[in-house]
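Take a look at the structure below.
Because the structure is predicted, anything quoted here is derived from the model rather than measured. Order of appearance sets the numbers: ligands from 1, and atoms from 1 within every ligand. In what follows, every heavy atom counts, from backbone to side chain, and hydrogens, waters and symmetry copies are set aside.
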Amino acid sequence: MTVNLIVLAAGQGSRMNSDTPKVLHEIAGAPLLHHALTAGAALNPSRIVVVTGTGGDAVAASAADWHEGTATVRQDEQNGTGHAVLCAAPALEGATGDALVLYGDTPLIRPETLAAMQAARLTCDIVVLGFDAADPGRYGRLVTTGDRLDAIVEWKDADEATRTISLCNSGVVMADTATLFSLLGDVSCDNAAGEYYLTDIVAIARARGLTASVVRCPESETLGINTRTELARAEHAFQTRARADALTNGVTLTAPDTVHFAHDTHIGRDAIVEPNVVFGPGVTVESGARIRAFSHLEGCHVSRGATVGPYARLRPGAELSEDVHIGNFVEIKNARLAQGAKVNHLTYIGDADIGPRSNIGAGTITCNYDGVSKHRTTIGADVFVGSGTMLVAPVTLGDRSMTASGTVVTTDVAPDAMAIGRARQVDKPGLATRLMDRLRAAKQKDH
Ligand code: UD1
Ligand code: CA
């Protein structure tokens with residue numbers, strides 16, 4: 001069954017106390033909106049519509065950034081969730097199959113939960129995602145008879161008896177697209193909030209002889225974000241889940257609570273991640289790699305058998321082949337390191353290619369930026385770069401070449417050659433003691 005995704009993201013989020021629209025606040029390095037879209041994308045939707053409001057242009061740009069085929073429509077006045085869904089109707093003109101409504105500020109919905117809703121749709125016209133609330137508060141209540149859903153009653157409109165129901169509405173709804181819009185056509189704003197409630201479609205559907213049912217999920221999946229505190233709580237919930245998933249997938253985390261994942265971190269089986277490692281977006285770590293303590297990685301790839309850190313920084317475009325060693329206080333950016341290359345201490349490698357088995361000495365720097373443009377450093381196979389070498393790019397070191405410690409390399413080095421680019425050492429006998437005596441005497445006189 002095809003599915004069209006409608007994501008409601010018109011909320012202004014005034015309780016965030018922010019200039020940024022609520023759904024663009026991030027957890028695990030991605031906007032809340034992207035989390036909702038990604039969950040919905042697991043059902044392989046044919047069309048996706050995001051309903052925007054305040055800060056609509058920024059939200060639309062972010063939606064397009066997630067996937068260029070994502071349509072956005074604007075809801076200028078927030079007249080309720082039913083009205084918001086109706087705003088998506090023109091963008092879904094002629095769409096067939098189901099519609100799934102998600103909230104852009106609810107990032108923790110699991111794809112498995114949405115798949116369960118899709119399965120439930122096979123035997124019923126409207127499927128609503130519900131949860132047993134620890135504290136039902138002001139959530140809409142699900143009025144059921146056995147497995148059947150009779151109505152959703154908003155807290156504001158509920159009598160005392162209905163308010164005692166603990167089964168609550170998450171807001172996530174799935175129904176045939178045409179049916180959904182047809183039902184919404186009958187919704188009125190004659191209620192306590194004076195809004196068009198999406199939730200009213202259940203009672204209307206039942207009156208038309210259609211069926212409705214509830215799929216339940218853990219309350220944690222439906223956590224909606226309205227404040228910075230809830231944002232922090234969602235981040236924590238995401239991290240807890242990501243750590244548990246990594247452990248289940250065969251990754252060793254020696255101190256799970258100190259490892260921070262991004263929304264898209266991929267770590268292979270039998271990789272080892274030591275304490276206090278932070279993964280920014282876009283990281284893949286293959287099986288058997290080891291990420292040592294206090295390392296920070298983003299936009300990079302670490303192959304099988306490689307080790308990184310402790311205290312290493314891999315920035316976007318760092319590509320580590322098998323058995324590469326990156327040591328402490330090393331920064332790698334936009335650089336490919338071939339199999340077995342070693343960069344072990346206090347080094348910056350940016351915009352570079354390093355050949356197999358080459359060894360980069362301590363304190364080496366690729367001088368990749370001239371103040372205007374970036375330039376590439378190319379290092380061949382089995383090269384030995386002496387400690388403290390400055391590689392002034394663009395520059396190439398041929399296979400098996402060497403640089404002497406402290407060399408400033410400004411021109412290409414031929415294969416098998418040794419580059420020595422530093423002043424020749426001169427020793428002055430006795431000068432050290434004479435100089436110290438003079439300095440001490442001068443200081444004595446001052447006092
Ligand atoms: C809604 C549900 C309630 C449910 C709760 C779960 C309705 C009428 N009520 O209540 O049953 O328990 O969510 O969190 O649906 N939005 C728009 N445009 C609007 C109004 C809302 O885009 O005009 C978006 C909001 O940005 C938000 C979502 O829809 O992402 C829910 O809106 P909100 O006002 O928070 O609904 P609740 O009153 O919490
Ligand atoms: Ca809400």
Is there a donor in the side chain of [X] and an acceptor in the side chain of [Y], or the other way round, less than 3.5 Å apart?
{"X": "Ser46", "Y": "Asn4", "result": "yes"}
{"X": "Glu26", "Y": "His34", "result": "no"}
{"X": "Thr403", "Y": "Thr389", "result": "yes"}
{"X": "Asp245", "Y": "Thr248", "result": "no"}

Self-check item: Nearest neighbour of atom 7 (C) of ligand 1 from the list Thr81, Asn191, Asp76, on a heavy-atom basis
Solution: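 Selected option, by shortest heavy-atom distance: Thr81.
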
Nearest non-hydrogen contact with atom 30 (O) of ligand 1 belongs to which option: Val23, Thr52, Thr106, Asp105?
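Selected option, by shortest heavy-atom distance: Asp105.
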
Please answer whether the main-chain N or O of [Y] pairs with a side-chain N or O of [X] as donor and acceptor at a distance below 3.5 Å.
{"X": "Thr144", "Y": "Asp147", "answer": "no"}
{"X": "Glu331", "Y": "Thr347", "answer": "no"}
{"X": "Thr81", "Y": "Leu198", "answer": "yes"}

Could a heavy atom of [X] be found less than 4.0 Å from some atom of ligand 1?
{"X": "Cys168", "answer": "no"}
{"X": "Glu154", "answer": "yes"}
{"X": "Val51", "answer": "no"}

Do any N/O atoms on [X] end up under 3.5 angstrom from N/O atoms on ligand 1?
{"X": "Leu198", "result": "no"}
{"X": "Tyr139", "result": "no"}
{"X": "Thr199", "result": "no"}
{"X": "Tyr197", "result": "no"}
{"X": "Gly80", "result": "yes"}
{"X": "Ile152", "result": "no"}

With a cut-off of 4.0 Å, which atoms of ligand 1 are near a heavy atom of [X]?
{"X": "Leu8", "value": "22 (O), 24 (C), 29 (O), 30 (O)"}
{"X": "Gly11", "value": "26 (O)"}
{"X": "Gly140", "value": "3 (C), 4 (C), 11 (O), 12 (O)"}
{"X": "Ala84", "value": "17 (C), 18 (N), 22 (O)"}
{"X": "Ala10", "value": "17 (C), 18 (N), 22 (O), 26 (O)"}
{"X": "Asn169", "value": "2 (C), 3 (C), 4 (C), 5 (C), 6 (C), 11 (O), 12 (O)"}

query: Does the side chain of Arg110 reach to within under 4.5 Å of the side chain of Cys217, using non-hydrogen atoms?
result: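 Answer no - side chains too far apart.
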
Fill in: Where Leu32 and Pro107 come nearest, the two heavy atoms and their spacing
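So the minimum-distance heavy-atom pair works out to CD2-CG, 3.8 Å.
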
Item checked: Sequence-distant partners of Arg241, salt bridge (charged side-chain N to carboxylate O under 4.0 Å, His left out), two or more places apart ->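 Not a single residue meets the salt bridge (charged side-chain N to carboxylate O under 4.0 Å, His left out) criterion with Arg241.
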
Next on the checklist: Using a 4.0 Å heavy-atom cut-off, which part of Gln75 comes near ligand 1: side chain, backbone, both, or neither?
Outcome noted: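 The answer is the side chain.
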
With Thr38, which residues qualify under side chain to side chain donor-acceptor pair (under 3.5 Å), at least two apart?
->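 Thr38 satisfies side chain to side chain donor-acceptor pair (under 3.5 Å) with Trp66 once adjacent residues are dropped.
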
